[in-house]
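In what follows, a single structure is set out as structure tokens and then discussed.
It should be emphasised that the depicted structure is a prediction, and the values quoted were computed from it without experimental measurement. The first residue in the sequence is number 1, and the count goes up from there. Just the heavy atoms: all of them, side chains too, but no hydrogens, waters or symmetry mates, feed the values below.
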Amino acid sequence: MKRERYSSGTPWEPVVGYSRAIRAGQFVFVSGTAATGEDGGIVGKGDLYAQTIQALKNIEVALHKLGAGLQDVVRTRMYVANIDQWEQVGRAHAEIFKDICPATSMVEVSRLIAPEILVEIEADAVVPQ
């Protein structure tokens, strides 16, 4: 099966040895994605809603680079540093996916790779053949 990779250029990808997203056949898997901007810095420091929106925008870019779109997403996984603020993450997710309604999970983790990162999101998509 042919595999295509997309790298967003964040500093963690070469250190950890992963791709932002992989397409294998009709499946696209997007790695845990944070609210990084084009310069690699964190967008929306201290603002969980803003970070969620930026992470989802970054996921959308990765999907497009591999021939998919948000409409193809069938599952998301959201990792938050503080589950007490879940409504901010949920609101942002609903704004993007309200008509798509993928299967999803939201879990609290003790911390993410950098203290200023408040949320990380994964996505899986299936592209119609």
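Looking only at distances, no side-chain donor or acceptor of Thr76 sits under 3.5 Å from a matching main-chain atom of Thr104. Looking at Thr33, its side chain never comes within 3.5 Å of a backbone N or O of Ala55 through a donor-acceptor pair.
Transitive grouping of hydrophobic side chains (ILVMFWY, heavy atoms separated by less than 4.5 Å) keeps Tyr49 and Ile117 in distinct clusters. Under the 4.5 Å side-chain heavy-atom criterion for Ile, Leu, Val, Met, Phe, Trp and Tyr, Val28 and Tyr18 are members of distinct hydrophobic clusters. Hydrophobic clustering (side-chain heavy atoms under 4.5 Å, transitive across Ile, Leu, Val, Met, Phe, Trp, Tyr) groups Leu63 together with Phe97. No chain of hydrophobic side-chain contacts below 4.5 Å, direct or via other Ile, Leu, Val, Met, Phe, Trp or Tyr residues, connects Met106 to Leu112. Ile22 and Ile59 are not part of a single hydrophobic cluster, where members link through side-chain heavy atoms under 4.5 Å apart.
Of all heavy-atom pairs between Arg3 and Ala24, the closest is CG-CB, 4.4 Å. Nearest heavy atom pair, residue Leu118 against residue Gly46, reads CD1-C, 3.8 Å. When every heavy atom of Ala21 is checked against every heavy atom of Ala62, the shortest pair comes out as CB-CB, 4.0 Å.
You'll find the side chain of His93 reaches within 4.5 Å of the side chain of Pro102, heavy atoms only. Between Gln85 and Val80 there is no side-chain heavy-atom pair separated by less than 4.5 Å. Thr36 is listed as a side-chain neighbour of Ile42, based on a closest heavy-atom distance under 4.5 Å. At a threshold of 4.5 Å between non-hydrogen side-chain atoms, the residues Asp72 and Pro128 count as touching. The shortest distance between side-chain heavy atoms of Thr52 and Gln88 does not fall below 4.5 Å. With contacts defined as side-chain heavy-atom distances shorter than 4.5 Å, the pair Leu48/Val119 qualifies.
One distance of note links OG of Ser105 with CD1 of Ile121; it measures 12.5 Å at 0.5 Å rounding. Distance check: Met78 CE to Ile83 CD1 gives 8.5 Å after rounding to the nearest 0.5 Å.
Among residues two or more places apart in sequence or in another chain, the salt bridge (charged side-chain N to carboxylate O under 4.0 Å, His left out) test is passed with Arg5 by none. Every residue two or more places apart in sequence or in another chain that forms a side-chain contact (heavy atoms from CB on, under 4.5 Å) with Gln54 is listed here: Ala35, Val43, Lys57, Asn58. Remark: Tyr79 pairs with no residue by the ring-ring contact (aromatic ring centres under 6.0 Å, His included) rule, at least two apart or across chains.
Sequence neighbours left out, the pairs with a member in residues 103-129 that pass salt bridge (Lys or Arg N to Asp or Glu O under 4.0 Å) are Arg77-Glu122, Arg77-Asp124. Residue pairs meeting the salt bridge (Lys or Arg N to Asp or Glu O under 4.0 Å) criterion with at least one partner in residues 10-39, sequence neighbours excluded, are Glu13-Arg20.
In the hydrophobic clustering, where aliphatic and aromatic side chains (Ile, Leu, Val, Met, Phe, Trp, Tyr) are joined below 4.5 Å either directly or transitively, Val126 groups with Phe27, Phe29, Val74.
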